[in-house]
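FYI, the numbering just counts along the sequence from 1. As the structure lists them, so they are numbered: ligands from 1, and atoms in each ligand from 1.
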Amino acid sequence: MKKINLSSIFFRSIFVLVFFICQNIIAQMLPTSSLKSLGKESDSGIKGPSYAELVRYFSTLPQKYPEQVQLFNYGMTPKKRPLLALRIAYPQRFLVTRSSVGPAILITGATHGNEYLNIEDRLPEWFAAQAPKNHTLDSYFKTGGVIYIIPIFNPDGYDTRRRENSRGIDLNRDYTVKQANYVGFKEIETQLFRDFLQNILQKDNKRLSLTIDYHCCIGAALYPWSYRGAPELPANFLALFQDFGSVFKNIMGQQFRVGTTPKILGYSAIGTSKDYFYENYQALSFTYEGEVDEENQKFDLHTQMLTQFVAKIQSLRFRQINR
Ligand SMILES: [Zn+2]
């Protein structure tokens with residue numbers, strides 16, 4: 001029979017008790033309604049909460065910020081996960097600006113399900129909370145600007161931590177690029193998104209001005225075109241892409257690279273979202289590639305960067321260059 005060491009059991013029990021008390025205290029110190037920073041797990045994006053948990057969290061935002069946040073469910077994935085978009089806007093101002101077309105900024109994340117950064121899901125609440133306090137954001141929203149955010153574009157891939165959707169298709173190769181004779185929109189996620197975007201822009205009377213599609217982990221901002229043999233961008237657009245690109249570099253550091261996919265990455269890609277947004281909407285469209293380490297620790301840098309973009313879009317709309 002094994003001898004039981006009573007003092008060791010006693011100390012172990014004390015240890016377990018102290019551990020649970022500390023854990024509870026720490027849990028109470030964390031904000032309950034905001035997402036906390038999460039740990040890094042793999043060589044690509046980090047591991048986030050389950051999609052169901054994120055859906056529950058996003059669902060609380062319209063009640064918490066009734067003046068700033070509206071939540072849209074624009075369909076279901078093949079595995080029956082809801083596709084969600086958040087609109088950050090001052091809806092009561094829409095009527096005032098109906099006569100003129102306002103700018104729209106689109107932010108998407110986790111198109112590649114394993115490239116979640118824990119930035120994209122925190123942005124809706126940050127914009128909603130900051131809008132009334134931050135002069136740049138407040139004037140953008142007051143004059144009819146909107147921000148659409150789809151934090152998790154590929155929920156089936158996100159929950160299973162894979163790049164592709166549940167049918168094994170890379171959604172960032174599933175956009176139509178007319179001038180490359182490439183037909184996309186074969187997948188449910190991209191079809192529903194294309195229609196949702198068209199409809200909401202029309203209904204809200206907005207023009208898609210800037211898009212940022214969050215990916216990981218190269219440390220670069222990529223702009224069109226990404227396919228092989230593409231023409232040079234017209235000079236006015238090239239200047240704008242480079243001007244916005246300098247914001248990425250100023251904030252993320254001079255090691256951060258800005259350019260086209262073939263130039264920066266050395267390979268081409270056809271059917272990417274940025275080529276579609278640029279070709280179809282003449283939007284300034286970027287793929288943002290996070291850096292390998294601790295992108296989620298750079299939330300403040302992202303909000304600084306996005307605030308500068310909002311200011312730039314706001315000044316461009318009055319110069320009418322972006323059309
Ligand atoms: Zn990616």
Side-chain angles (χ1 to χ4, degrees), residues 38 40-48 51 54 77 81 83 106-123 149-177 180 182 184-190 193-194 197 210-228 230 241 245 248 252 255-278 283-296 298 302 305-306:
L38 298 154
K40 190 172 162 59
E41 197 199 46
S42 75
D43 58 345
S44 49
I46 63 168
K47 178 165 166 50
Y51 187 61
L54 285 179
T77 69
R81 291 185 177 92
L83 292 161
L106 171 72
I107 300 169
T108 44
T111 295
H112 291 148
N114 57 352
E115 295 180 8
Y116 162 82
L117 298 175
N118 186 218
I119 299 286
E120 57 286 65
D121 52 344
R122 286 189 276 170
L123 289 173
I149 305 178
I150 299 182
I152 308 292
F153 188 88
N154 172 14
D156 291 346
Y158 172 78
D159 257 355
T160 51
R161 289 187 58 67
R162 53 191 252 170
R163 177 183 175 92
E164 298 85 7
N165 71 355
S166 61
R167 291 169 18 88
I169 304 296
D170 185 335
L171 297 177
N172 204 26
R173 303 291 183 273
D174 193 38
Y175 287 83
T176 292
V177 183
Y182 186 79
F185 299 116
K186 300 199 162 101
E187 296 303 300
I188 294 284
E189 292 92 336
T190 42
F193 164 70
R194 172 199 58 195
L197 184 63
L210 173 70
T211 67
I212 298 180
D213 188 20
Y214 275 114
H215 286 251
C216 203
C217 299
I218 290 161
L222 309 169
Y223 57 75
W225 299 93
S226 46
Y227 70 92
R228 191 193 309 276
F241 275 111
F248 287 110
M252 293 299 166
Q255 83 291 350
F256 197 85
R257 293 166 294 166
V258 181
T260 63
T261 304
K263 255 183 207 151
I264 299 292
L265 304 186
Y267 64 80
S268 56
I270 199 158
T272 63
S273 63
K274 63 178 167 309
D275 284 6
Y276 172 75
F277 296 137
Y278 173 67
L284 295 171
S285 54
F286 287 94
T287 299
Y288 178 89
E289 289 278 354
E291 287 172 293
V292 175
D293 291 315
E294 296 176 337
E295 189 69 28
N296 61 328
K298 297 182 193 162
H302 281 270
M305 189 172 79
L306 290 165

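Qualifying ring pair (Phe, Tyr, Trp, His ring centres under 6.0 Å) partners for Phe241, counting only residues two or more places apart in sequence or in other chains: Tyr223, Tyr278, Phe286.
Each salt bridge (Lys or Arg N to Asp or Glu O under 4.0 Å) pair with one or both residues in residues 260-275, not counting sequence neighbours, would appear here, but there are none.
For residue Glu289, no N/O/S atom approaches the Zn ion (ligand 1) to within less than 2.8 Å. Among the backbone and side-chain atoms of His215, an N/O/S atom is found under 2.8 Å from the Zn ion (ligand 1).
The Zn ion (ligand 1) sits nearest to atom OE1 when only the N, O or S atoms of Glu115 are considered. Restricting His112 to its N, O or S atoms, the one at the least distance from the Zn ion (ligand 1) is ND1.
The residue from Arg194, Arg167, Arg173 that alone fulfils the salt bridge (Lys or Arg N to Asp or Glu O under 4.0 Å) condition with Glu187 is Arg167.
Between Asp156 and Arg81 there is a salt bridge, with a side-chain nitrogen of the basic residue lying less than 4.0 Å from a carboxylate oxygen of the acidic one.
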